[in-house]
Amino acid sequence: MIEVDQLPVVDVHAHPFLNRGAVTAEEFTDLMAFGGGSRVFMEEGGISWSEEVRDELQRGKRNTLYFKRMVLDLARFFDVEPDVEAVMAARNAAVTAGYTEYVAKLYAEVGLDTLIFDFGFPLPIHDVAEVRSELPVEVVPVFRIEPLIADLLKTDIGWPEFQRRYDDTIADALSNQGFKGVKSIIAYRTGLDVSPLSRTPDQGFQALDAIRRGLGGGSMKKLRDHLLCRALELCMEHDVPMQIHTGMGDFEVNLMLCRPGYLMDLLRFPVYRGCHVLLVHGGYPYHREAAYMANVLPRVWCDLSEGIPFAGNAAWEILRGVLAMAPLTKVCYGSDGYRLPEIMYSSAKLGKQAVASVLAELVSDSMLTQCDAQSAAGLILSGNARELYRLD
Ligand SMILES: [Zn+2]
């Protein structure tokens, strides 16, 4: 048996949130669900909003394994019946009595003591100090490049100034604003098939010039590819890790070009071998590719977020697939939670359960000693993230 109850948890990838006070069961469902559409999504598709359509979306959202498991976790926490209404009543009473105290109790029960937050979602960007003031755990901010790129594209500045502001803003975030790393969601934009030769500033110059003149011709991809290369270089200069989104995301992700394997050319290129890169979401459902890359590339790491908790019982399969090749010292637990504190709680419960059960299997299959498995549990749940982000 692997003991995980007493182990602390670092959530290596999640998103900041503020107290929303009491919420209805419908709002809770919309805020907590991974997918399942929204009013805007349906209306953009020409489907008029009605009670029936609303019920259709709510039904889908409440009937994923993830959602049912999360409600079950909260019902156990509050000692109420496992249905959304009962959980909501207990949850709202706790939030109203004292939000921060409630979150402290929730997170203490699962040992969650640190959240590494990608501040690039939601937008507009939350104030780091305000987020910290409400949360009873350590908050570690990470800087996302895409909102900065969007802001720079809204200006009419030419390449030299664009390049200077891009570099200076990231350098300032890392040197003066307390950000501990950089993040990219290029998989949501132009895909992960980034040539390392994009690093030449000439490509940035040519691409921005083409965008400014309305020429198209793949210029946005050329610009984003160059800026990703530059972000890797800035990470190395500041000695912080780079997070790159791989694998599934919301409905906007480029599901074909999000495979981690597309990053091989870039990450094995000599000049980028020094960069610590965390493949966010472990590329799920292509997690075996991410694990392979963490095996062959010394500074590539894998996180387990999003697959855990949103892919429900795939948590076990993800851990089995990732641990098959990724070193035990380079796999980090994460949730990709957002909007409400309960996602991070339920995810940590599921993460601990899956870590304990998969490592116990590896012991019984004579792949690991009991001692190695127990130590791996501590590394995956917190130790590896602490090392990668130098949190002590
Ligand atoms: Zn995320």
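Start at 1 and go down the list; that is how both ligands and their atoms are numbered. Just so it is clear, the model here is predicted, and its values are computed rather than measured.
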- Heteroatom N/O/S of His281 within less than 2.8 Å of the Zn ion (ligand 1): no
- Query: the Zn ion (ligand 1) to His13: any N/O/S contact under 2.8 Å?
  - Reply: yes
- Asp336, N/O/S atom nearest the Zn ion (ligand 1): OD1
- Does a donor on one side chain sit under 3.5 Å from an acceptor on the other, for Ser305 and His281?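 There is such a pair between these side chains.
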- Do Tyr284 and His287 have ring centres separated by under 6.0 Å?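 For Tyr284 and His287, the ring centres are under 6.0 Å apart.
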- Task: Check for a donor-acceptor pair, side chain of Asn384 on one end and backbone N or O of Leu328 on the other, with a separation under 3.5 Å.
- Result: yes
- Taking the six-membered ring of Tyr286, is NZ or CZ of Arg259 closer than 6.0 Å to its centre and within 45° of its axis?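 Yes, cation above the ring, under 6.0 Å and within 45°.
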